[in-house]
Amino acid sequence: MNHNIYTVFESRFPAQADTVLLETPQGETWSYGDAQSESARLARFLSALGVTPGDRVAVQVDKSPQVLFLYLACLRAGFIYLPLNTAYTENELDYFLNDARPAVMVGQPEQERRMAALSGRHGVNHTFTLGRDGGGSLLEASRKTPAEFGDVTRQPDDIAVILYTSGTTGLPKGAMLSHANLAANALALNKAWGWQTDDVMLHALPIFHIHGLFVACHSVLLGGGKLLWLPHFDPDAVIRLLPHSTVFMGVPTFYTRLLSRPDFTAEVCRNMRLFVSGSAPLLKQTFDEFHARSGHTILERYGMTETGMNTSNPLDGPRKAGTVGLALPGVSLRIVDEQSRPVSGNEVGQLQVKGDNVFKGYWQMPDKTAEEFTADGFFRTGDLASQDSDGYVSIVGRNKDLIISGGLNVYPKEVENRIDDLDGILESAVFGVPHPDFGEAVCAAVIPEAGAELNEHTIINTLKGQLANYKVPKRIYFLDTLPRNTMGKVQKNILRQDHAHTFDVK
Ligand code: AMP
């Protein structure tokens with residue numbers, strides 16, 4: 001039997017090949033048949049170059065319909081798809097390419113020179129470009145390849161995608177997700193969210209992350225229906241297209257931005273059946289305001305790169321504000337204390353999960369992988385959670401000190417390492433504070449070396465050349481010493497408290 005997830009999608013494609021799968025705001029459309037032929041062409045083209053199953057295909061491009069077809073092509077050919085955030089700098093890409101050793105790299109046309117240098121340094125055999133309008137060398141070179149391809153047989157545990165997540169050590173880790181992991185989660189969500197063949201998903205998320213790529217795209221590919229494909233989140237376009245949509249998925253920032261618009265009304269949402277939120281905590285205030293304005297109750301769910309979705313508020317039944325709902329079918333979860341004993345009642349503890357959705361481990365990090373799993377096979381999520389008597393889970397914090405800014409993860413250690421490398425700096429501590437728009441904003445406390453003349457503006461500007469913008473601190477505070485506990489650990493909670501009101505709306 002072939003466990004290639006593409007064959008699962010295809011087995012459920014609408015009988016009519018000209019049914020529209022994807023439509024852009026300009027009204028261009030691609031049918032399910034187009035998705036089949038475009039992905040077949042790319043799979044055949046790359047295979048003919050000598051790319052073989054298990055090879056990595058690194059993709060750092062703007063969102064376009066063609067990237068989705070490239071993703072499907074990789075699944076079909078058994079290549080490991082490796083999407084990368086377009087905000088990553090050359091510096092960061094060096095790490096990913098060195099670690100993943102891809103056979104193919106596809107990048108933005110405007111970054112052709114940077115890519116050539118990177119490919120040269122890391123021995124990438126094939127380098128192509130793919131623009132937001134579908135232009136670039138990849139489609140040009142594959143244009144004449146026949147659109148026929150025999151899908152490669154995959155076993156359940158064969159890796160389909162590597163997604164990099166950072167670590168508290170500062171070194172990003174490649175989470176390996178298998179064909180069976182992706183299929184299990186897509187099937188669970190399909191059922192849980194009552195997917196209908198005439199659903200229209202307004203897709204405004206990036207597709208280098210699980211939320212936009214797996215949760216949103218897999219729902220449509222598996223369930224039928226149509227994607228309204230926005231290149232990025234744009235409130236004007238969302239408000240214009242919501243009346244033509246039935247499902248929307250967003251990070252909390254999307255919802256607060258919609259609420260800030262007087263033209264976001266119940267009338268605009270008249271055809272909607274489901275709004276889903278995740279990737280960061282949704283404030284109760286946003287949940288309530290959204291309901292009052294639109295008449296819809298946002299369904300909040302919880303997951304992570306390593307596991308896909310673990311919990312969801314119910315489609316039918318109460319959706320409780322401030323909770324991420326119940327364990328999805330097929331997912332076991334437990335909340336334990338420091339000694340790995342289950343906590344009692346609704347006490348807070350470490351959340352652990354197990355299920356077919358849970359990843360196969362970190363790419364080339366067997367020790368790190370082993371550390372993150374318990375002896376009985378549960379994955380330590382690193383999240384702190386509690387569970388009420390009805391089984392609803394609340395995520396109350398992150399024991400890994402992760403900062404989530406605008407739905408994107410920032411690991412303090414990575415930013416601290418960059419800051420500490422700058423001249424005149426002794427040490428630093430990076431932490432998140434509440435921000436009305438981004439959820440959290442990155443800030444840094446910096447200890448200058450004796451006599452060093454530093455200024456906030458210069459440090460921020462220097463970091464902008466080295467780190468993706470969302471990781472660069474919005475504020476730098478100069479201190480004489482960092483607050484530390486008796487064990488010598490920096491007390492970030494004190495820094496967070498001291499600066500909690502930096503971004504308060506006056
Ligand atoms: P990522 O791997 O980028 O998807 O980030 C996963 C982390 O985001 C989780 O470990 C949680 O800390 C956080 N997260 C995701 N969804 C939620 C949610 N609904 N509420 C609170 N935190 C969330």
Side-chain angles (χ1 to χ4, degrees), residues 83-85 87-88 161-168 172-177 181-182 185 189 192 205-216 249-256 275-287 290 297-314 319-328 331 333 335 348-353 357-359 362 372 378-387 392-412 414 432 434 438-440 468 470-471:
L84 295 163
N85 188 335
Y88 287 139
V161 177
I162 293 178
L163 277 179
Y164 274 93
T165 93
S166 290
T168 38
K173 304 186 290 287
M176 300 187 288
L177 292 147
N181 290 150
L182 300 181
N185 214 226
L189 294 178
L205 289 158
I207 55 164
F208 49 72
H209 184 266
I210 49 160
H211 195 166
L213 183 61
F214 302 154
V215 186
M249 292 184 184
V251 294
T253 314
F254 288 8
Y255 291 107
T256 51
F275 286 95
V276 179
S277 177
S279 291
L282 181 75
L283 297 179
K284 181 173 183 317
Q285 188 193 345
T286 312
F287 179 94
F290 197 89
T297 309
I298 297 175
L299 180 153
E300 186 172 7
R301 93 297 179 279
Y302 156 78
M304 60 197 306
T305 302
E306 290 92 332
T307 64
M309 298 303 106
N310 295 306
T311 72
S312 171
N313 271 281
R319 299 180 193 164
K320 295 191 192 178
T323 82
V324 293
L326 306 153
L328 282 162
V331 179
L333 63 81
I335 299 172
V348 171
Q350 325 246 351
L351 180 62
Q352 301 182 344
V353 299
N357 55 312
V358 176
F359 76 140
Y362 295 112
E372 301 297 343
F378 276 76
F379 174 63
R380 306 177 209 271
T381 63
D383 285 313
L384 298 172
S386 64
Q387 202 169 16
Y392 284 64
V393 175
S394 296
I395 305 294
V396 299
R398 300 172 296 256
N399 59 0
K400 293 177 183 168
D401 260 335
L402 178 72
I403 303 166
I404 302 186
S405 192
L408 295 168
N409 288 358
V410 182
Y411 289 83
E414 186 188 5
F438 300 119
E440 283 184 287
Y470 67 88
K471 298 180 189 170

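None of the values given here were measured: they were computed from a predicted structure. Along the sequence shown, residues carry numbers from 1. In listed order, ligands and their atoms are each counted from 1.
Backbone and side-chain nitrogen or oxygen atoms of S277 are examined, and none is located within less than 3.5 angstrom of a nitrogen or oxygen of ligand 1. The shortest N or O to N or O distance between T381 and ligand 1 is not under 3.5 Å. Taking only nitrogen or oxygen atoms, main chain and side chain alike, Y302 does not reach within less than 3.5 Å of ligand 1.
Counting atoms of ligand 1 from 1 in the listed order, those under 4.0 Å from a heavy atom of E300 are 18 (C), 19 (N), 20 (N). Heavy-atom contacts of I404 reach the following atoms of ligand 1: 8 (O), 13 (C) (cutoff under 4.0 Å). Taking a cut-off of under 4.0 Å to the non-hydrogen atoms of H209, the atoms of ligand 1 that pass are 1 (P), 3 (O), 4 (O). Here is the list of ligand 1 atoms found below 4.0 Å of a heavy atom in V324: 18 (C), 19 (N), 20 (N).
A salt bridge (charged side-chain N to carboxylate O under 4.0 Å, His left out) check over residues 278-287, counting only residues at least two apart or in different chains, returns the pairs K284-D288.
Look at H211 and you'll find every heavy atom at least 4.0 Å from all atoms of ligand 1. In this structure, A175 has no heavy atom closer than 4.0 Å to ligand 1. Residue T165 places every heavy atom at 4.0 Å or more from ligand 1.
Contact annotation: the side chain of F287 never approaches that of E300 to less than 4.5 Å [non-hydrogen atoms, C-beta and beyond]. Within the 4.5 Å cutoff, side-chain heavy atoms of N357 are placed close to those of N310.
The CG atom of L282 lies 13.0 Å from the CD1 atom of I395; values are rounded to the nearest 0.5 Å. Here the NE2-CG distance, from H209 to L408, works out to 7.0 Å after rounding to the nearest 0.5 Å. In this structure, L328 CG and M309 CE are separated by 9.0 Å, a value rounded to the nearest 0.5 Å. Between atom CZ of residue R301 and atom OG of residue S277 there is a gap of 7.5 Å, rounded to the nearest 0.5 Å.
Within the 4.0 Å heavy-atom criterion, both parts of P281, backbone and side chain, lie near ligand 1. The proximity of L408 to ligand 1, defined as any non-hydrogen pair under 4.0 Å, does not occur for either the backbone or the side chain.
For atom 1 (P) of ligand 1, the candidate residues are L163, V215, T305, T311; the nearest heavy-atom contact is made by T305.
The aromatic rings of F359 and Y362 stand perpendicular to each other, their planes meeting at an angle above 60°, with 30° marking the opposite boundary.
N185 meets the side chain to side chain donor-acceptor pair (under 3.5 Å) test with no other residue; sequence neighbours excluded.
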